Structure formats: C-alpha cells, structure tokens
Amino acid sequence: MAGRQARGAWRTKVVTYRAIVPTMLFFVCFTTAAVLYGDRVASTPVGLDKSYVSSDHLHAYISRTFLALKPRADPLKAKADQLFKMAKDQIATVNTYASFSRKAKLDVMKQVRMFEEQASNYTEFLNRPEHQALLDSAVVDKEVLNQFEKDLRDYMTTTKELIMHAKEVFDTQLKIQKMKDTIFAVNDQLTRAKKQGAFSSLVAAKSIPKSLHCLSMRLMQERVAHPDLYTRKQKAPALEDPSLFHYAIFSDNVIAASVVVNSAIKNALEPEKHVFHVVTDKMNLGAMTVWFNKRPPKGAHIEVKAVENYKFLNSSYVPVLRQLESANLQKFYFENEMENATKDTPNMKFRNPKYLSMLNHLRFYLPEMYPKLNRILFLDDDIVVQKDLTGLWDVDMDGNVNGAVETCFGSFHRYDKYLNFSHPLIKEKFDPKACGWAYGMNLFDLDAWRREKSTEEYHYWQNLNENRTLWKLGTLPPGLITFYKTTKPLDKSWHVLGLGYNPSIPIDQIKSAAVIHYNGNMKPWLDLAFNQYREFWTKYVDYEMEFVQMCNFGH
C-alpha cells in the first residue's frame, strides 16, 4: 500500500516537471523573440526596410541587456574610495611643504615639525581597523563612513589652516632667499668685473704712452746725431760733498724724472745746495743725458748714470738679480692670459714688469753707491715736490736708518698685510701689528745704515725668500723687514700718498703737503690719471722743451 502511494507521488512530480519545463522554455523563447523583434522594429530608421537589422544594433542590445543584469556597485563604496584618495592627497601636500622647507633651509623648523606631525596623523587615521574595513569590504557601513568623512573634513580643515598660516612665512622666506641668490649673483659678477678691471688697469699702467715713447726716441736721435755735445764731463766735486743736500732718483721715465727735479728746484730756497743723482738703465741713458743737458736744473747739480755703471751690482752679489733670472719668476711676471693672471688678485699689482728692473731694487744699495755721503733723500719718480725739503736734514733720526711717513691707521697697512705670518720665521721675528710706512720719500742716514749692516740684513732675508714664501714680490715687504725697528716716523705733512689710486684725498691736504705721491696705477702721465690731481703734476712739465712740443705731450 505504502509502495503504491510513493510511486503515485513520484508520477505526479514527473508530470508536474514535464508540464513546467516546456512552459518555461516557451516563455523564454517567446519573450526573447518579442524583445528582439520589437527592438529591431523600434531601432530601424524610418524609411528603411524593417526586415533589416544591423549586427551593431544587436551587439548594443546584448551589451545593455547583460549590463542591466549585473548587480549595481555600492555608492557608499565609491564614496569611501574617494575619501581615501582625498586623505592621501593631503598627506602628499603636507609632506611636500615639509620637504620644501627642509630643502630650502628656511627658518621655519616649527612649521616643518607641524607638517610632519600632520602627515603622521593622516597615516594613523587611515590605518585604523574600522577605516581599513571601508577600503577592503564590499559592503560599506554607512554610519562608519559618515564618521570617517566628518573626521577627515576636520583633518583637512586643520591642514588648510596650517598651510595658510605657513604661507606667509614661506613667501617671506622665499623672497629673502631670492634676494640672497640675487645678491650672490651680483657679487659674483662684481668680483669678475673687478678682476677684469684690475687686469685692464694693470695693462694700462704697464703701457708707455705714444707721446712718451716719441720723446725718448727724439732725445736718443739727438744723442746719436750730436755725440760731441753730450760726452761725459769730469765729475764735479759737489756730487760727493756731504755738506750739500743729496737726492737719489731711479727712473727710466724721462718726463717723470724731469718733473721731480724741476719741482724740487723751483721750491728750494737755495738751489745751489741741492745735488740730484739720477740713475737710469742703459737703454734710456742717452735720452736722460740729452734732457738734463738741455734742461739743467738752475743753480743745482745733477749726475746722470746708468745702473750698469755700478759694477758691484751683479748676480753673484745681489740675490734679487739671481732670482730674477729664474724661469718661474719670468713666467709669473709675463703671464698674459687674464684668467691666469687674475688668480691671485690681491697680489696682481706685483706682476708689473717694473719689479724685474734693477732700478727698483737700487734703494737697498745706497751706501755703496754713494760711499762719501752721510745722508740722502730717496724720491720715487711719481712724486711732486711742493715745498723746500731742506728741513728734513734737520730731523733727529735718533740713530735710526730710515725716516718715513707711517701709513697705518686702525688695522690698515700693518705688517701682517705684507708678510706671511703663517711662516714660523716671520711669526717669530716680527710683530704683525707693527706699523707700515711708505716708500717714495725716504730720508736715509747712511752712517747708521752702515753701522746696522742693513744691506747684509736685506740679503739674508732676500735669500730666504727665493721661493716667495715670506712675502710675494715688490720692494716694500723686504724694506719693512730690513728697517724693522730702525725707522723714524716723519710727520704726515711731509708725504701725502694715494694720488694714483684714491680719488677722495682732500685738496687742501694735497696743497699743504711737502711731497705728493702718485703711487698706484693712475700715473699723472697716463690717460687714466685722476683729472682733479693732474694739475699738481703738469704745472712742472716743461712744455716749452722742443722735443715735448714735437711729440704733442699732454695733448
């Protein structure tokens, strides 16, 4: 009985399934056909055969149908992703501000720290488990998302306030940094311009003006054309008379030497008591001889000689002559390329070839050149005498060798400016704060010189400086060493310096000076001389001299 009931139930289920399945299949086919047919009819353009439907229409329909069947994305999930992206953008922003301020080395360390803390807060905020769940879960909890958004907005508000507060600081610091960069660039340009200017000025100072060259050639031509007129005369007794006022002038510039002699004579109370010893080189001896034969100092005595006439001045006795023969020193003096010549800008002035001339070093051999004299006044050829100088011979030298005007005030022109005090020998022997003095007008007590053996002292130090480690070049540093603690300071009114480099010397100070000195590159016979000082020199130029007129000197 039970078996028949079970078989009956099974037959009922089979019949039911057999009835339902075909019905479902029919319904699906009918619906699909109706949709396809309806879509074809609806999508077929008016005026075309509705029996025709393109494959593109069919593909579009199928795509729409299957996309419609996909489950829609959770809008809360999209919002969560967007909020996470906003948070990461904020992290990048605060990190950028912190990195920029560190790189620029701005004085905003507090701001840097706050930006770094804000970035750390963002990272910690995003890494909370409930917030990571928003990113990882398919279904987003709306309440958690809303709280996440609210907290993120608070963080972003804080970031915005921090940036606005820091913006003013950044802008100010950036302006300051930009100004510093601009100043650095301008200073760099100024340094290069100064080097180029110094080099150009040096070249101009080395040059011989056309008119001056013409004058020397005209005078030499006269010497060659009339040799009998300029033969050497017998030596006058006055040249060795120690009771007279003797001057030493070492120069290869005819017009400059003539101005020194002419200005001294015109301002001397008793010209007949003055003796001028002019020494030049062999090349300019003829021109200098003709000039002073045609224009002898009125009433005074003059001697013109060549440095070659002093036979004791040879390389075996004179250290500087031996050093001047070295190849390295020759290269140093005659380095012509500006980029190489300007490497040692502070000492560029010592590249002047005048330091190769023995005329520049004769001042250390005055006792041997004039063995019968007790005192002699050394004058550079770029000076002008404006007063009678005989009062210098009345100065009590207090046993010192050299009488000179000191040039230091404050820390300016002291020994450490000229000597290398990193050298142990210099550091041991000399005071770096000792006051420097000027060459150009120096009263030398030759008796004291011989007693102190100053020439031997000069030789000692010059030999030690063969590699130029004690001082660079020039004659002032060895002079400071040679006459250290044996120099008598003279009143500054005797000697006013700087007319060849300083445009700001008061005119009344110049007019009241006994001697004015055109030391520097702006020599009065050059076109680059200071116009306000030129008249003090030109007033002693003999423009009536026939050779000066022939060469248009000063025009």
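Below, each value reflects all heavy atoms present in this structure, side chains not excepted, and no hydrogens, waters or symmetry copies. Bear in mind the structure is a predicted one, so any value in this text is a computation, not a measurement.
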Enquirer: Taking all non-hydrogen atoms of both residues into account, name the closest pair between Ala529 and Pro524 and its distance.
Expert: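 So the two residues come closest at CB-CA, 3.7 Å.
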
Enquirer: Do Val290 and Leu229 have side chains that get closer than 4.5 Å, going by heavy atoms?
Expert: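 No. Closest side-chain heavy atoms not under 4.5 Å.
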
Enquirer: Counting only heavy atoms not in Phe312, do more than 12 sit closer than 6.0 Å to its CZ atom?
Expert: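 Counting neighbours around CZ of Phe312, more than 12 heavy atoms of other residues, nucleotides or ligands fall under 6.0 Å, so yes.
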
Enquirer: Quiz question: by atom type and distance under 3.5 Å, do the side chains of Asp381 and Asn253 form a donor-acceptor pair?
Expert: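 The answer is no; no qualifying pair exists.
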
Enquirer: If the test is ring pair (Phe, Tyr, Trp, His ring centres under 6.0 Å), which one of Tyr439, Trp449, Tyr415 qualifies with Phe483?
Expert: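 Between Phe483 and the candidates, ring pair (Phe, Tyr, Trp, His ring centres under 6.0 Å) is satisfied uniquely by Trp449.
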
Enquirer: Does this structure show an ion pair linking Asp380 with Arg363, if we count only N-O contacts that are shorter than 4.0 Å?
Expert: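 Salt bridge: yes.
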
Enquirer: Between Tyr484 and Phe430, does the ring centroid distance fall short of 6.0 Å?
Expert: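 Judged by ring-centre distance (under 6.0 Å), Tyr484 and Phe430 do meet the cut-off.
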
Enquirer: Testing the 3.5 Å rule here: is there a donor-acceptor pair between the side chains of Glu368 and Tyr317?
Expert: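 Yes, Tyr317 and Glu368 have a side-chain donor paired with an acceptor closer than 3.5 Å.
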
Enquirer: State yes or no: are the ring centers of Phe421 and Trp471 separated by less than 6.0 Å?
Expert: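 So the answer is no for these two rings.
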
Enquirer: Kindly give the heavy-atom pair with the smallest separation between Cys551 and Ser211, and that separation in Å.
Expert: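 Shortest heavy-atom contact: O-CB, 3.4 Å.
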
Enquirer: Going by heavy atoms in the side chains, are Val259 and Thr538 under 4.5 Å from each other?
Expert: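 A side-chain contact under 4.5 Å is absent here.
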
Enquirer: Sequence neighbours excluded and cut-off under 3.5 Å, please list the side-chain donor-acceptor pairs for residues 494-505, or say none.
Expert:
| unit_1 | atom_1 | unit_2 | atom_2 | d |
| --- | --- | --- | --- | --- |
| His495 | NE2 | His517 | ND1 | 3.1 |
| Asn502 | OD1 | Ser504 | N | 3.0 |

Enquirer: Can you measure from SG (Cys408) to CH2 (Trp437) and round to the nearest 0.5 angstrom?
Expert: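 Between Cys408 SG and Trp437 CH2, I get 12.5 Å after rounding to 0.5 Å.
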
Enquirer: Please report the shortest heavy-atom distance between Lys282 and Glu308, naming the atom on each side.
Expert: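 Minimum heavy-atom contact is N-OE1, 3.1 Å.
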
Enquirer: Count the heavy atoms of every other residue, nucleotide or ligand shown that sit under 6.0 Å from NZ of Lys273, and state whether that count exceeds 12.
Expert: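 No.
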
Enquirer: Check Lys492 with Glu406, please: is the shortest side-chain N to carboxylate O separation under 4.0 Å?
Expert: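 Salt bridge between Glu406 and Lys492, a charged N being under 4.0 Å from a carboxylate O: no.
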
Enquirer: Restricting to non-hydrogen atoms, name the atom on Ala438 and the atom on Ala404 that form the minimum distance, rounded to 0.1 Å.
Expert: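 Closest approach of Ala438 to Ala404: O-CB, 3.8 Å.
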
Enquirer: Quick check, are the ring centers of Tyr247 and Trp393 under 6.0 angstrom apart?
Expert: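 So the answer is yes for these two rings.
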
Enquirer: Between Arg192 and Asp188, does at least one N-O distance fall below 4.0 Å, as a salt bridge requires?
Expert: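 Salt bridge: yes.
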
Enquirer: A side-chain contact here means heavy atoms from C-beta on lying under 4.5 Å apart; do Val318 and Phe364 qualify?
Expert: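 No, every pair of side-chain atoms sits at 4.5 Å or beyond.
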
Enquirer: Inspect the surroundings of CD in Glu456 and state if more than 12 heavy atoms from other residues, nucleotides or ligands are less than 6.0 Å away.
Expert: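 Enclosed.
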
Enquirer: Just by distance, do the side chain of Asn309 and the backbone of Ala306 share a donor-acceptor pair under 3.5 Å?
Expert: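 Checked: pair present.
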
Enquirer: Is there a donor-acceptor contact under 3.5 Å linking the side chains of Arg322 and Asn463?
Expert: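 Indeed, the side chains of Arg322 and Asn463 share at least one donor-acceptor pair under 3.5 Å.
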
Enquirer: Is the gap between the ring centers of His361 and Tyr458 under 6.0 Å?
Expert: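 Ring centres of Tyr458 and His361 not closer than 6.0 Å.
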
Enquirer: Hey, could you give me the CG/OG1 distance between Asn465 and Thr469, rounded to the nearest 0.5 Å?
Expert: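 It is 5.5 Å, given to the nearest 0.5 Å.
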
Enquirer: If only atom types and distance count, is the side chain of Asn293 paired as donor or acceptor with the main-chain N or O of Thr289 below 3.5 Å?
Expert: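 Here the side-chain-to-backbone pair exists.
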
Enquirer: For Tyr533 and Phe530, I'd like to know if the aromatic rings sit close, meaning centre-to-centre distance below 6.0 Å.
Expert: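 Judged by ring-centre distance (under 6.0 Å), Tyr533 and Phe530 do meet the cut-off.
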
Enquirer: Would you say that Leu377 contacts His246 through its side chain, given a criterion of any heavy-atom pair below 4.5 Å between the two side chains?
Expert: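 When only atoms from C-beta onward are counted, His246 and Leu377 do not touch, as no gap falls below 4.5 Å.
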
Enquirer: In this structure, are over 12 heavy atoms from other groups packed under 6.0 Å from Met283 atom CE?
Expert: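 Result for CE/Met283: open.
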
Enquirer: Could you give me the CA-CA distance, side-chain angles and deciding distance for His277 and Leu373, then say whether side-chain contact (heavy atoms from CB on, under 4.5 Å) is met?
Expert: CA-CA 12 Å; His277 302 270; Leu373 301 183; 4.2 Å; yes

Enquirer: Taking all non-hydrogen atoms of both residues into account, name the closest pair between Ser493 and Asp491 and its distance.
Expert: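 Reported closest heavy-atom pair: OG-OD1, 2.5 Å.
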
Enquirer: With heavy-atom distances below 4.5 Å as the criterion, would you say the side chains of His301 and Phe276 are in contact?
Expert: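 His301 vs Phe276: side chains apart.
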
